[in-house]
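On a predicted model such as this, the values are computed, not experimentally measured, just so you know.
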Amino acid sequence: MRSTLTILAALAVPATPALAAEGGNPNLLDPHYGLMFWTMVIFAALFLLLRKFAFGPILDAVNAREQAIADAMAAAERDRAESARILAEQKASIEAARTEAQRYIAEGRATAESMRTEMLEATRVQQGELLDRARKEIESEKVKAIDELRREAVDIALAGAGRLIGQKLDAAADRKLVEEYLATLGSK
Amino acid sequence: MKIGPFASLLAAVLLAAAPLRAQEHAEAPASAAAAETAQAEKVDIITPHITDGNHMEVPWILPPFFKEITLPHFEPVHIGPVTLDLSPTKHVVFLFIGAILLFTLLTVSARRHARATRSGQAPKGGPNVAEAMILYIRNEVILPNVGHHGEKFVPYLLTVFFFILTLNLLGLVPFGSTATGNISVTATLAFLTFVTVEVAGIRANGWGYLNTLFYWNNDLPVVMRPLMFLIMSPVEMIGKLTKPFALAIRLFANMTAGHIVVLAFVGLFFGFAGTVLTFSSLVALAPITMAVLIMVLEIFVAFLQAFIFTLLSSVFIGQIREAHH
């Protein structure tokens, strides 16, 4: 400090004439040791007090806030990634559900189609069976009716012929004869 | 509304000048009584304003609305060969006022700031201003220049900035006096920065600190080393001293010069205005306008010089801590 002051004073000497006041006015560059002492004391006290009561708390608060903001931003980033992940998951599951639904619908349609076809087929087969049976019955009824008719016709013819010739015709031999005749008619 | 701050500044200048004018008037009858010499008419309003002294002017409720008080005088303390006159002077008083004002403002701000932060809100008003300034100085001025692990220098440099700023601004208010316009104050502040710089250098470099004092370059030829050592070592040492010296002179000269200019314009105003109001008194509007404009500039300079002192202190600390690289 002494050396600084000495240099200050040495440099001040040539610089003074302009500022040096005449008639006992104080020189602007005169060091005043008491003032220097007070400056140092006041500055030191102010430094210690401000560090403890002003800068410390404010910087602490600022740091805390910066930390809180950084934390909040990190949390927000995390949440965003999380929500993006969940959203992707949701989309994927919705997509899966839609695909499944499509599959079910397609399956249902296919099942319905095959069932319809099957039922139609079954109906047709049943119908055919019914028709066949009806046809066979009709056929057998017809044969039966024709036989009946023939027998009736033979009986009538024999009765007619017996009456005509006045005698009773031998049933078995005559019958055979008429039947042979009728067979020729039937074969026509 | 737009003229508001301008008008208040004008009022401030006039108020600040009021005691000076009163002084002139008070002195006028005395000088008339003494002699009709022109010598007696000369009143130096500038030197008393910018120099220190044990007289102070304080506002007073009775006309002429100021009162000159004499500060108490203590017996000088003798410490070895040094005689220390610890009597309070005008600038000591303003150092105290500045320190108390600054401490009150910043402590209250810090308290409200902490309360706001605790309740999860952003600070408003004063705490916000304090925080903005502190953060700006810390993040833009101190930390980039001081370098890595610069946090432990932050309180000192912030104190330097706010203390110088407060003292600068106190010189601009009515009845104020600029303690930073006193070479003893600026030299002490510069000396503290000098000590801080050197201590930072010793702590950062250890024995390597000696390299910043003595010049020994192993890249030179062997013969040249002692020669350059003898030539360059004083240069290195003087270089250490010129930095705080420049800090002290810069702040002192800037503060003093601005006040001299303002006072010169205020003096011109009274010179032109005269005691009788005539048409030509309107010329006096020119110097008072200039005084107001210089006053506005002074507000800027008050911030600028506090900023520069802090910036250069940070740079010096950063330089010496990087010296071994």
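Residue contact with chain A, scored on non-hydrogen atoms closer than 4.5 Å, involves the backbone and the side chain of B:L95 alike. For chain A, the nearby parts of B:L158 are the backbone and the side chain; heavy atoms of each come within less than 4.5 Å. Using a 4.5 Å cut-off between heavy atoms, B:F96 touches chain A through backbone and side chain atoms alike. Neither the backbone nor the side chain of B:I238 comes within contact range of chain A; no heavy atom of the residue lies under 4.5 Å from a heavy atom of that chain. Looking at A:F37, the atoms closer than 4.5 Å to chain B (heavy atoms on both sides) all sit in the side chain, from C-beta outward. For B:T256, the part lying under 4.5 angstrom from a heavy atom of chain A is the side chain only.
Other residues, nucleotides and ligands place no more than 12 heavy atoms under 6.0 Å from the CZ atom of A:R80. Open room surrounds CZ on B:R111; 12 or fewer heavy atoms of other groups in view lie less than 6.0 Å from it. Other residues, nucleotides and ligands contribute at most 12 non-hydrogen atoms within 6.0 Å of the CZ atom of A:R133. Under a cut-off of 6.0 angstrom, the local environment of NZ in A:K91 is sparse, with at most 12 non-hydrogen atoms contributed by other residues, nucleotides or ligands.
Between chain A and the residues B:V195, B:V160, B:V108, the most heavy-atom pairs under 4.5 angstrom are made by B:V160. Ranked by heavy-atom pairs shorter than 4.5 Å toward chain A, the options B:V154, B:T89, B:D85, B:L86 are led by B:L86. In terms of heavy-atom pairs under 4.5 Å with chain A, the best-connected choice from B:T107, B:V92, B:L106 is B:V92.
In this structure, NE2 in A:H32 is found 11.5 Å from OG1 in B:T51, a value given to the nearest 0.5 Å. Interatomic distance, A:R65 CZ to B:H113 NE2, rounded to the nearest 0.5 Å: 5.0 Å. From B:F163, atom CZ reaches atom CD1 of A:I42 across 6.0 Å, with rounding to the nearest 0.5 Å. From A:L49, atom CG reaches atom CD1 of B:I100 across 10.5 Å, with rounding to the nearest 0.5 Å. Taken to the nearest 0.5 Å, the OG atom of B:S87 stands 9.5 Å off from the CH2 atom of A:W38. We find the CD-CG distance between B:E151 and A:N63 to be 8.5 Å, quoted to the nearest 0.5 Å.
By the 4.5 Å heavy-atom criterion applied to side chains, B:R138 and A:L59 are counted as neighbours. Taking the side chain as every heavy atom from C-beta outward, A:M40 and B:F191 approach each other to under 4.5 Å. For the pair A:F55 and B:T159, the minimum side-chain heavy-atom distance is below 4.5 Å.
For the residue pair A:I58 and B:A130, the shortest heavy atom distance occurs at CD1-CB, 4.3 Å. Of all the heavy atoms in B:A99 and A:L46, the pair that sits closest is O-CD1, 3.4 Å.
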Apply ring pair (Phe, Tyr, Trp, His ring centres under 6.0 Å) to B:Y156 and A:F43, showing your working. CA-CA 10 Å; B:Y156 168 72; A:F43 184 88; 5.7 Å; yes
